[in-house]
Amino acid sequence: MRTLLKFLSFLILTSAISGAAFAQKNMDVRQYNNTYEIAINNGKSQFKCQAVRLSKDWFITAAHCLVPVCNSACTINARLASAKDYELEISTKHSAGSQAVFLHSKSKEEQVSYDIALIRFPPEKSNYLFKDKKLGCLVTQEEAFSKLNPSQKTDFTQAMQGVNFPTILSLKTQTPKVLRVSLGVASIWDYKTEILSSEDYVFFSPKHNYIYTSNFGIRQGISGSGVITSSGELAAIVSAVANTQRVITFDGGGSTSTNIAFSMFSTFDDSVLSFLKSHIPGLPVKKAGFNYFSVVPDEYRALTENVEAM
């Protein structure tokens, strides 16, 4: 018998819906401390995504989180810290006259390749918002800090400044490969962070500049989250889920098919690195060496060949 896998459609992961999550074992949650929940609002509609903080003022997310909602003007809030009674957000406004959103030049709607964007929270135009969670209103920093314990004050202060920013991992090969490092994704939901991971093969497509693996709990609302290696490097940005069909043809005739879903993540090639460094000089980058890759197993070559042919 032979197996054929075909990509059928893409689900761009922007709006929030419910779904199951799969917890990753033996992962350090601190490696995900720079992943935040963001809300994008243009006055008519609001979307939820996530973003990774690359420096004090710059966050990276999926481009489709910001298009078309920010095509003209929008407000973006990132929730930086939360305690029992108070939470901290940073807010900025984007418009043609005051740009806060920067899209990669190759980003296109409903495509995983180059689904990359930056958000800038400039100190002179951004506001830190301290919220009383019980009363549902804004308070001053002084009032919030007067009620926080020393550990919470430290967390809020570090969240305002940003600490331990991730190193970008750049993947580059001539042919499709399997990644040899374990990957995790932070899913932030109702103030709780779960670490999701896949135990299946993770494939890298050099033609399309993305990695993909069988879906392990990636759902709508967490686009823009960082795909983090076990050593803390940022390897990709969560982009979409692709619905696929596995067709099995039997030697004696007849066939059967099943639907499969793949998680898809936009990675960082030279074009993306150039875009990021043009806005964030000194951004730490690590080139993935040969030890990060292995040969695609024979039983998965049809899959990777189909992907490269798209």
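Positions are given from 1, in the same order as the sequence printed here. The structure displayed is predicted, hence computed values, not measured ones.
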For a quick check under 3.5 Å, do Gln50 and Ser225 share a side-chain donor-acceptor pair by atom type? yes

Please name the pair of heavy atoms, one in Phe204 and one in Leu171, separated by the smallest distance, quoted to 0.1 Å. CZ-O, 3.7 Å

Return yes if a side-chain donor-acceptor contact under 3.5 Å exists between Ser239 and Asp115, otherwise no. yes

Say whether, by atom type as modelled, one donor and one acceptor occur between the side chain of Tyr210 and the main chain of Lys207 under 3.5 angstrom. no

Evaluate Leu234 against Leu169 for side chain to side chain contact (heavy atoms under 4.5 Å, CB included), listing each step before the verdict. CA-CA 6 Å; Leu234 178 62; Leu169 181 66; over 6 Å; no

Crowded around Lys108 NZ? As in, over 12 foreign heavy atoms under 6.0 Å? no

Side-chain contact test, heavy atoms from C-beta onward, threshold under 4.5 Å: evaluate it for Tyr201 versus Pro297 and give yes or no. yes

Can you tell me how far the CG atom of Asp200 sits from the OG atom of Ser214, to the nearest 0.5 Å? 3.0 Å

Contact between Lys84 and Leu148 at the side-chain level, heavy atoms closer than 4.5 Å - yes or no? no

Quick one: do Ser263 and Asn215 satisfy side chain to side chain donor-acceptor pair (under 3.5 Å)? Show the steps, please. CA-CA 5 Å; Ser263 303; Asn215 192 23; 2.6 Å; yes

Taking the side chain as everything from C-beta on, heavy atoms only, tell me whether Ile211 gets closer than 4.5 Å to Leu183. yes

Give a yes or no answer on whether the side chain of Thr304 reaches the backbone of Arg301 with a donor-acceptor pair at less than 3.5 Å. yes

Answer yes or no: is there a side-chain heavy-atom contact under 4.5 Å between Ser205 and Pro176? no

Closest approach of Leu196 to Gly217 (non-hydrogen atoms, all atoms of both residues): CD1-O, 3.6 Å

In sequence, state the C-alpha distance, the side-chain angles, and the governing distance for Ser271 and His104, and then conclude on side chain to side chain donor-acceptor pair (under 3.5 Å). CA-CA 9 Å; Ser271 174; His104 188 278; 2.9 Å; yes

Could you tell me whether a side-chain N or O of Thr267 sits under 3.5 Å from a main-chain N or O of Asn209, the two making a donor and an acceptor? yes

Does either side chain, that of Lys286 or that of Tyr292, offer a donor lying less than 3.5 Å from an acceptor on the other one? yes

Validation row: Ser45, Val69 side chains within 4.5 angstrom (heavy atoms): yes

Contact check, side chains of Thr175 and Val295, non-hydrogen atoms, under 4.5 Å: no

Non-hydrogen side-chain atoms of Ser182 and Glu199 separated by less than 4.5 Å: no

Whether Lys134 and Asp85 form a salt bridge (side-chain N of Lys/Arg under 4.0 Å from carboxylate O of Asp/Glu) is what I want to check. yes

For the residue pair Phe121 and Phe59, is the inter-centroid distance of their aromatic rings smaller than 6.0 Å? yes

Polar side-chain atom of His208 near backbone of Val307 as donor-acceptor pair, under 3.5 Å: yes

Strictly by modelled atom types, are Lys93 and Ser126 linked by a side-chain donor-acceptor pair under 3.5 Å? no

Pair Ser91, Asn127 - check side chain to side chain donor-acceptor pair (under 3.5 Å), show working. CA-CA 5 Å; Ser91 178; Asn127 297 312; 5.6 Å; no

Check step by step if ring pair (Phe, Tyr, Trp, His ring centres under 6.0 Å) holds for Tyr212 and Phe265. CA-CA 6 Å; Tyr212 54 102; Phe265 313 121; 9.7 Å; no

Does a side-chain heavy-atom distance below 4.5 Å link Val185 with Ile228? no

Show the numbers, then the answer: is there a side chain to side chain contact (heavy atoms under 4.5 Å, CB included) between Leu129 and Ile90? CA-CA 6 Å; Leu129 308 177; Ile90 187 171; over 6 Å; no

Whether Thr35 side chain and Val52 backbone form a donor-acceptor pair below 3.5 Å: no

Within the distance-only criterion (no hydrogens, no angle test), does the side chain of Ser107 pair as donor or acceptor with the backbone N or O of Leu103 below 3.5 angstrom? no

Check whether the side chains of Ser113 and Lys106 place a donor and an acceptor atom closer than 3.5 Å, and report yes or no. no

As a test of understanding, state which of Lys131, Lys147, Gln152 forms a side-chain contact (heavy atoms from CB on, under 4.5 Å) with Tyr86. Lys147

Intermediate values then yes/no, ring pair (Phe, Tyr, Trp, His ring centres under 6.0 Å), Tyr300 and Phe203: CA-CA 9 Å; Tyr300 290 99; Phe203 304 98; 5.4 Å; yes

Will you find, in the side chains of Asn41 and Thr75, an N or O donor that is under 3.5 Å from an N or O acceptor? no

Can you pull the side chain to side chain donor-acceptor pair (under 3.5 Å) pairs that have at least one residue in residues 51-61, sequence neighbours excluded? none

How far apart are the C-alpha atoms of Glu37 and Arg79, what are their side-chain angles, what is the distance that settles it, and do they pass the salt bridge (Lys or Arg N to Asp or Glu O under 4.0 Å) test? CA-CA 6 Å; Glu37 188 176 37; Arg79 183 189 293 157; 2.7 Å; yes

Just by modelled atom types, is the Val139 backbone N or O under 3.5 Å from a matching donor or acceptor in the Asp132 side chain? no

What orientation do Phe145 and Phe156 show, parallel under 30°, tilted 30 to 60°, or perpendicular over 60°? perpendicular

Ser278 side chain to Phe275 main-chain N or O, any donor-acceptor pair under 3.5 Å? yes

Please evaluate residues Ser187 and Lys192 with respect to the criterion side chain to side chain donor-acceptor pair (under 3.5 Å), reporting the C-alpha separation (whole Å), side-chain torsions for both, the decisive distance (0.1 Å), and the verdict. CA-CA 8 Å; Ser187 171; Lys192 297 179 181 179; over 6 Å; no

Are the side chain of Ser274 and the backbone N or O of Asp270 linked by a donor-acceptor pair below 3.5 Å? no

Under the criterion side chain to side chain contact (heavy atoms under 4.5 Å, CB included), I'd like the reasoning laid out for Phe293 against Leu179: C-alpha separation, chi angles, the key distance, then a yes or no. CA-CA 5 Å; Phe293 304 100; Leu179 289 184; 3.5 Å; yes

Tell me whether Val202 shares a hydrophobic cluster with Val238, the cluster being built from Ile, Leu, Val, Met, Phe, Trp, Tyr side chains joined at under 4.5 Å. yes

Would Asn77 and Ile38 count as a side chain to side chain contact (heavy atoms under 4.5 Å, CB included) here? Give the steps. CA-CA 5 Å; Asn77 285 26; Ile38 62 173; over 6 Å; no

